[in-house]
Amino acid sequence: MTVRVRIAPSPTGDPHVGTAYIGLLNWCFARRHGGRFILRIEDTDRTRCTEASAQAIYRSLKWLGLSYDEGPDVGGERGPYVQSERVALGIYRRYADQLLAQGDAYRCFCTAGDLDAMRKAQAAAGQPIMYDRRCRQLDPAAAAARAAAGEAHVVRMKSPLEGSFSYPDRLRRQPFTKTWAEIDDQVLLKADGWPTYHLAAVADDHLMGITHVIRAEEWLNSLPKHIWLNQRLGFTAPEYVHVGLLRNADKSKISKRKNPTSLLWYERQGFLPEALLNFLGLLGHSHPEGKEQFGLAEMGAFFDLDRINVAGPVFDLAKLRHLQGLWFRALPPERMIAEIHRAVDIQAGELLPLLRERMTCGGDFMGQAEPFYAQTVAHHPDELVPKGLDRAQARGLLEQLQAELRKYLAADGAQWTAAALEAFLRELLARRGQAAPGATAEQQAQAALWQQKAVYMLLRVGATGRANTPPLFETLERIGALRVIERLGAAAGRLK
RNA sequence: GCUCCCAUCAUCUAGAGGCCUAGGAUACCGGAUUUUCAUUCCGGCGACACGAGUUCGAAUCUCGUUGGGAGUACCA
């Protein structure tokens, strides 16, 4: 039996990070067992699903590299892979009819109002809230006649009234157990003739030859219904495995109010698919040797379904950022440049060596590179005064530095390169930092100002307008003599 | 309310009776490298929810308590 697994997202809103998570687990499971990974679109909620959303799902999965062997836009032998198209084929109606004919389902004519009142009464009485099965008593022939006459109705499953249900989920200590009495007569076919999730998923999983359903824990409670449907429909049920739900920091189910859940957001932010996937791969699962950074292909090789931890992991963006940094800085230059280009329309190549280890994503580039591209920079007077100096001293030093650099440039064969600048400035510091023998007290005080730390910082802030920059000499080189000298003057001016 | 699931550092996790005075990673805090920032490297902080039981021995098994989560839709 070859493994066939699927993800079955519903195309409502933006593609969800939970889809990527479950997709990753399924993808890895398929890969690990030489199986097939399938995408199916579950768009049976006509009020909420959109084509645009389905398109976005395809795009996001491709962006992530979670390629599927069969799916709406790639085809396959068990299609169509979009449930609305299967509705048109009458697939679900046929199964509903089969259940009706077998006496395993019945027509229900209760209105929304009826159900609402019923639930309110149950809540008031402290009873479990579930359908009271009043239409189950209806004569099937009479009900069929009412339906034929056009009366609005749904089809419900005839859940067993007694006995119990038990299922050994391989990830849980104890088999999952329920009594049938507490299982609702689930609606299978809605009034509009479309199936609910339960019928549609069970039917399609069977028709598509799905062998393992690896899905989120939120489905655990409806497992009995799914097993029952498989049985009554004469299917061999796939193995169902339930994994933990991604959580917000407060442990509630991940939501867009408390976390970025849209895959589009991660893409726009400049996160790399490698980083996101790596991060998700660390949730509920781990590398057997504790390795933290790994790629999709590698994960496909070591992934072990039985090692999944079902306690719902908190989705921690800080860890994702860390992994993003690792992946980003390890990018080959062409790809890093492409990432930067994706964020800003600029030629980044020259500055890359200077900035790469200071970035976590392409979007960081401009923030760092601005002083290199700008004609002028804005100086903040407070930042311009190094510790231990006052305003006037800082201004004096700036002016003298400007003058010294001018003089340096005017000399024959002067070079404006990092190495030459470093040599010159070291020599300058040695020269100016030492008072001549017999110097006056004032001269000595002047010399004392020429401390490396202060001077370098003055140059840095003067030339770039900021205190954090790449290494000084390379920075000066790239900005260029003209702009550096000009900016030093402007900086001095700010301290007047 | 009812039902079910889960429970190791703040967070992600390793750990499937002795290798555990509980290991790694993130975050945080120090230090080293460095002209700043970042990178990198070193160090620190820091957890088996609680209570019984089983056992020579329990983070690991059982039960209870507590805590958290999910489900309870003609949504998926």
Side-chain angles (χ1 to χ4, degrees), chain A residues 8-12 42-45 47-49 108 110-112 115-116 119 122-131 152-156 169 171-174 176-179 182-184 186-198 200-201 216-224 242 244-245 247 249-253 279 282-293 307 309-323 325 329 355-360 364 368 422 425 451-457 459-461 464 466-473 475:
Chain A
S10 194
T12 59
E42 308 226 329
D43 58 346
T44 53
D45 183 342
T47 62
R48 297 172 62 219
C49 298
C108 167
C110 293
T111 64
L115 296 175
D116 198 45
R119 291 187 187 114
Q122 289 168 337
Q127 294 298 112
I129 294 169
M130 61 190 285
Y131 183 55
H153 69 284
V154 301
V155 175
R156 288 180 181 273
D169 186 314
L171 296 180
R172 280 146 216 275
R173 290 189 184 292
Q174 307 290 337
F176 172 78
T177 305
K178 282 240 180 190
T179 58
E182 59 194 353
I183 309 293
D184 214 343
Q186 181 67 50
V187 170
L188 264 19
L189 225 48
K190 309 177 208 176
D192 64 6
W194 286 47
T196 56
Y197 168 85
H198 307 278
E217 194 175 37
E218 53 191 332
W219 296 111
L220 190 53
N221 282 297
S222 41
L223 179 62
H242 299 87
L245 242 23
R247 311 288 185 92
D250 65 5
K251 306 277 183 147
S252 57
K253 171 164 125 177
F279 171 64
L282 252 15
L283 301 181
H285 195 257
S286 58
H287 187 282
E289 272 107 49
K291 191 171 162 184
E292 291 264 330
Q293 191 184 3
R307 287 188 59 246
N309 173 196
V310 296
V314 170
F315 191 87
D316 180 15
L317 234 26
K319 180 96 175 215
L320 170 60
R321 290 208 183 86
H322 169 253
L323 290 165
R329 278 174 236 117
L355 301 182
R356 59 179 299 143
E357 69 201 21
R358 267 158 270 261
M359 293 192 284
T360 4
D364 289 347
Q368 308 265 358
E422 178 165 7
L425 284 159
Q451 294 309 304
Q452 177 175 284
K453 234 178 165 56
V455 170
Y456 281 5
M457 190 46 84
L459 274 169
R460 181 189 316 284
V461 180
T464 66
R466 56 182 68 190
N468 304 337
T469 75
L472 180 60
F473 305 115
T475 297

- Query: How do Pro128(A) and Glu422(A) order along RNA chain B: which one's closest nucleotide is nearer the 5' end?
  - Reply: Pro128(A)
- Want to settle it: does His198(A) or Lys178(A) sit nearer the 5' end of RNA chain B, counting the closest nucleotide to each?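 Going by which nucleotide is closer to the 5' end, it is Lys178(A).
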Just wondering, do [Y] and [X] contact through their side chains at under 4.5 Å, heavy atoms?
{"X": "Cys110(A)", "Y": "Tyr131(A)", "value": "yes"}
{"X": "Arg358(A)", "Y": "Asn468(A)", "value": "no"}
{"X": "His198(A)", "Y": "Ser222(A)", "value": "yes"}

Please produce a list of atom pairs where a protein N or O lies less than 3.5 Å from an N or O of nucleotides 45-53 of chain B.
none

Return no unless some side-chain N or O of [X] is found under 4.0 Å from OP1 or OP2 of [N].
{"X": "Thr469(A)", "N": "rU36(B)", "answer": "no"}
{"X": "Lys190(A)", "N": "rC75(B)", "answer": "yes"}
{"X": "Arg358(A)", "N": "rU39(B)", "answer": "no"}
{"X": "Thr44(A)", "N": "rC75(B)", "answer": "no"}
{"X": "Arg119(A)", "N": "rC74(B)", "answer": "yes"}

Does [N] have a Watson-Crick or wobble partner in any strand here, with both distances under 3.5 angstrom, and which is it?
{"N": "rA49(B)", "value": "rU65(B)"}
{"N": "rG44(B)", "value": "rC28(B)"}
{"N": "rU3(B)", "value": "rA70(B)"}
{"N": "rA58(B)", "value": "none"}

Check: protein-nucleotides 61-65 of chain B nitrogen or oxygen pairs below 3.5 Å:
from    : atom 1 : to        : atom 2 : distance (Å)
rC61(B) : OP1    : Arg173(A) : NH1    : 2.6
rC61(B) : OP1    : Arg173(A) : NH2    : 3.4

- Query: For Lys178(A) and Leu223(A), what are the C-alpha separation, side-chain angles and deciding distance, and is it a side-chain contact (heavy atoms from CB on, under 4.5 Å)?
  - Reply: CA-CA 10 Å; Lys178(A) 282 240 180 190; Leu223(A) 179 62; over 6 Å; no
Which nucleotide sits closest to the side chain of [X]: [options]?
{"X": "Glu182(A)", "options": "rU3(B), rC74(B), rU13(B)", "value": "rU3(B)"}
{"X": "Ile129(A)", "options": "rC5(B), rU36(B), rG1(B)", "value": "rG1(B)"}
{"X": "Glu357(A)", "options": "rA70(B), rA76(B), rA38(B)", "value": "rA38(B)"}
{"X": "Asn221(A)", "options": "rC4(B), rA76(B), rG15(B)", "value": "rC4(B)"}
{"X": "Phe473(A)", "options": "rC4(B), rA70(B), rU35(B)", "value": "rU35(B)"}
{"X": "His322(A)", "options": "rA73(B), rU26(B), rC6(B)", "value": "rU26(B)"}
{"X": "Arg307(A)", "options": "rA70(B), rC74(B), rG15(B)", "value": "rG15(B)"}
{"X": "Arg247(A)", "options": "rG1(B), rG69(B), rA76(B)", "value": "rG69(B)"}
{"X": "Phe176(A)", "options": "rC4(B), rA7(B), rA76(B)", "value": "rC4(B)"}

For residues 310-323 of chain A, please give each side-chain donor-acceptor pair under 3.5 Å, one per line with the distance, not counting sequence neighbours.
from      : atom 1 : to        : atom 2 : distance (Å)
Asp316(A) : OD1    : Ala318(A) : N      : 3.2
Lys319(A) : NZ     : Glu292(A) : OE1    : 3.1

- Message: Restricting to non-hydrogen atoms, name the atom on Arg172(A) and the atom on His242(A) that form the minimum distance, rounded to 0.1 Å.
- Response: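 Shortest heavy-atom separation between Arg172(A) and His242(A) comes out as NH2-O, 2.7 Å.
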- Message: For a quick test of reading the model, state the closest non-hydrogen atom pair linking Ser10(A) to Glu42(A) and the distance between them.
- Response: OG-O, 3.0 Å
- Task: Can you sort out the partners of Asp364(A) under side-chain contact (heavy atoms from CB on, under 4.5 Å), two or more places apart, ordered by chain and number?
- Result: Met359(A), Thr360(A), Cys361(A)
- Message: Tell me every residue that passes side-chain contact (heavy atoms from CB on, under 4.5 Å) with Arg119(A), counting only those two or more places apart in sequence or in another chain.
- Response: Leu115(A), Gln122(A), Ile129(A)
Check: [X] side chain, [Y] main-chain N or O, donor-acceptor pair, under 3.5 Å:
{"X": "Thr196(A)", "Y": "Val187(A)", "answer": "yes"}
{"X": "Asp184(A)", "Y": "Gln186(A)", "answer": "no"}
{"X": "Thr475(A)", "Y": "Pro471(A)", "answer": "yes"}

- Message: Walk me through whether Leu425(A) and Leu459(A) qualify under side-chain contact (heavy atoms from CB on, under 4.5 Å).
- Response: CA-CA 10 Å; Leu425(A) 284 159; Leu459(A) 274 169; 3.8 Å; yes
Would you indicate what [X] reaches in the nucleic acid, counting non-hydrogen atoms under 4.0 angstrom: base, sugar-phosphate, or nothing?
{"X": "Cys110(A)", "answer": "base"}
{"X": "Ser222(A)", "answer": "nothing"}
{"X": "Ala318(A)", "answer": "sugar-phosphate"}

Expected rows: protein N/O vs nucleotides 9-12 of chain B N/O, under 3.5 Å:
from    : atom 1 : to        : atom 2 : distance (Å)
rC12(B) : OP1    : Val314(A) : N      : 2.8
rC12(B) : O2'    : Leu282(A) : O      : 2.7

